[in-house]
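The first residue of the sequence shown is numbered 1, and numbering continues consecutively from there. All values derive from a computational prediction rather than experimental measurement.
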Amino acid sequence: MSDFLAGLLIAVLPLLGIGFWIGRRTARPEAPGELGTPVEHATFQTLHTASLAAPPLRAGLTEETARKSARRLRSLLGTDALCLTDDRRVLVWDGVGAHHRSEVMERLAGPLETGRGEAFRLDCDTPDCPVRWAVVAPLTVDDRVHGALVACAPRESAVLVRAAGEVARWVSVQLELADLDDSRTRLIEAEIKALRAQISPHFIFNSLAVIASFVRTDPERARELLLEFADFTRYSFRRHGDFTTLADELHAIDHYLALVRARFGDRLSVTLQIAPEVLPVALPFLCLQPLVENAVKHGLEGKTDKCHIQITAQDAGAEALVVIEDDGAGMDPDLLRRILAGEVSPSGGIGLSNVDDRLRQVYGDDHGLVIETAPGAGMKISARLPKYQPGVHSAGRIDRP
């Protein structure tokens, strides 16, 4: 991560240099009452323009994102025209001289193959066409050329060549961030699939066995449990959305516990204390249910008497504090640390490490699970869920800055 931040800093510094250069070119005596020097104004304006161009690019390089960012990028360079391309076509042309699109794409074969920028004269039969030169700067992510930034101007300029190259590097950083966002999304989806695979074999078999046991003795009870099973599996195996609300997750947990109670009867008791104001809080999908399943497993494992599970969700200012506690067999803390570190596979396939990893990926390392346990002392699992986190929405999407 430090290397990435260093790369980001390297990409931003040239923009500051461009702003400084523009300020020097347009410097004038500071008028009374003005805040800052002309150089400072130009630098701030450059950063502001760059900040406006960044959000579309964080969604990747497409026709739509290129269209939204091209005008800002042209403003950064101060050119008559600018176009963005992928490796096959012009995505957008902003400014004059759009009749040069085909010519530009024909000349891009070399830069797109080598990843090196170049400048070339444009052939034009239009007498009043203001663009006569084009500067090509490739857009690369992980050493692979994704497209090019092409700046067009009336004449050849070494300054424009340098500036176009630096702006292209900045654009490439935004595309790399978009690629990281996509990788994070794919990783979360893969982990949800893995979690489903862990839950489904044990839970489905046991639930169907319980339902079957009631078919003849209590058909109405069997019907109710079958509906609980259908609702829970429908939620668990839905195919859209990385995030849900605390209310929906708790509703799914209620279906799960109804099936568990049917299996264990009076041996299991559950207490819920939920603050209504935290119900809309968004959180990673299938994040709490595995913790409740873990409490059921370790609460009843090795015990013949009753087990009690307490689930609380409290308002903690900017966060919702969720605690799941059982009075079961507990676990050796050293073994737990090894499980969370991925060194040991948990028995029964319960996804504590999966949930811990996903919370850290979404909210940061300081929002992993906090687990208190000891052999024979039960287990208490706490999760702090920010009420607002950029990119986390219960509608099931990850927004990019």
Side-chain angles (χ1 to χ4, degrees), residues 7 11-12 14-15 18 46 49-126 129-182 400:
V12 170
L15 297 181
I18 293 171
T46 299
T49 303
S51 70
L52 295 176
L57 296 171
R58 287 292 302 275
L61 188 60
T62 66
E63 281 190 27
E64 182 180 2
T65 61
R67 177 180 56 80
K68 291 180 178 179
S69 61
R71 181 158 300 183
R72 307 292 184 186
L73 297 175
R74 183 162 74 90
S75 177
L76 278 177
L77 292 171
T79 58
D80 297 270
L82 178 141
C83 79
L84 292 172
T85 80
D86 58 17
D87 56 355
R88 302 184 311 275
R89 61 200 170 98
V90 172
L91 298 175
V92 64
W93 186 288
D94 188 76
V96 298
H99 54 280
H100 288 293
R101 293 166 68 109
S102 298
E103 180 185 359
V104 166
M105 282 308 300
E106 290 175 2
R107 300 291 297 268
L108 285 186
L112 291 178
E113 182 178 352
T114 64
R116 297 173 183 163
E118 66 176 54
F120 54 84
R121 179 182 291 276
L122 294 170
D123 296 327
C124 189
D125 297 329
T126 305
C129 179
V131 293
R132 298 295 177 176
W133 278 86
V135 176
V136 178
L139 304 175
T140 61
V141 176
D142 293 332
D143 297 325
R144 186 170 70 87
V145 179
H146 283 233
L149 178 150
V150 183
C152 301
R155 64 189 65 83
E156 187 178 11
S157 168
V159 173
L160 180 59
V161 171
R162 176 66 183 273
E166 300 297 356
V167 171
R169 287 181 61 194
W170 177 82
V171 172
S172 296
V173 169
Q174 305 308 310
L175 298 179
E176 186 170 351
L177 290 172
D179 192 55
L180 289 175
D181 286 340
D182 289 337
R400 289 162 177 98

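Heavy-atom minimum distance, Pro111 versus Pro138: O-CG, 3.9 Å. Closest heavy-atom contact between Leu91 and Ala66: CB-CB, 3.8 Å. The minimum heavy-atom distance linking Ala168 with Leu139 is given by the pair O-CD2, 3.6 Å. Contact record, Val90 with Cys83: CG1-CB, 4.3 Å, taken as the closest heavy-atom pair.
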For residues 114-125, which side-chain N or O atoms pair as donor and acceptor with protein atoms under 3.5 Å away, sequence neighbours left out?
{"residue": "Thr114", "atom": "OG1", "partner": "Gly110", "partner atom": "O", "Å": "3.0"}
{"residue": "Thr114", "atom": "OG1", "partner": "Arg116", "partner atom": "N", "Å": "3.3"}

- Apply the test side chain to side chain contact (heavy atoms under 4.5 Å, CB included) to residues Arg89 and Glu63: give CA-CA distance (whole Å), side-chain angles for both, the deciding distance (0.1 Å), then the verdict. CA-CA 10 Å; Arg89 61 200 170 98; Glu63 281 190 27; 2.3 Å; yes
- Message: Between Val135 and Leu77, does the side chain to side chain contact (heavy atoms under 4.5 Å, CB included) criterion hold? Intermediate values first, please.
- Response: CA-CA 11 Å; Val135 176; Leu77 292 171; over 6 Å; no
- Task: Report the C-alpha distance between Trp93 and Val104 in whole Å, list the side-chain angles of each, state the deciding distance to 0.1 Å, and finish with yes or no for side chain to side chain contact (heavy atoms under 4.5 Å, CB included).
- Result: CA-CA 11 Å; Trp93 186 288; Val104 166; 3.9 Å; yes
- Query: Could you go step by step and tell me if Glu166 and Arg162 meet the salt bridge (Lys or Arg N to Asp or Glu O under 4.0 Å) rule?
  - Reply: CA-CA 6 Å; Glu166 300 297 356; Arg162 176 66 183 273; 2.9 Å; yes
- Passes side chain to side chain contact (heavy atoms under 4.5 Å, CB included), Trp170 versus Leu149? Steps please. CA-CA 11 Å; Trp170 177 82; Leu149 178 150; over 6 Å; no
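In this structure, Val150 and Leu108 have side chains that are in contact, with non-hydrogen atoms separated by less than 4.5 Å. Residues Val131 and His100 are in side-chain contact: their nearest non-hydrogen atoms beyond the backbone lie under 4.5 Å apart.
To the nearest 0.5 Å, atoms OG1 (Thr65) and CG (Leu175) are separated by 7.5 Å. Atoms CG and CG, from Leu57 and Leu84 in turn, are 7.5 Å apart once rounded to the nearest 0.5 Å. For the atom pair CE (Met105) and CZ (Arg88), the distance works out to 9.0 Å, reported to the nearest 0.5 Å.
Judged purely by atom type and a 3.5 angstrom limit, Thr126 has no side-chain atom pairing as donor or acceptor with the backbone of Cys129. Panel note: side chain Ser172, backbone Thr140; a donor-acceptor pair is recorded below 3.5 Å.
For the salt bridge (Lys or Arg N to Asp or Glu O under 4.0 Å) test, residues two or more places apart in sequence or in another chain that qualify with Asp94 are Arg71, Arg74.
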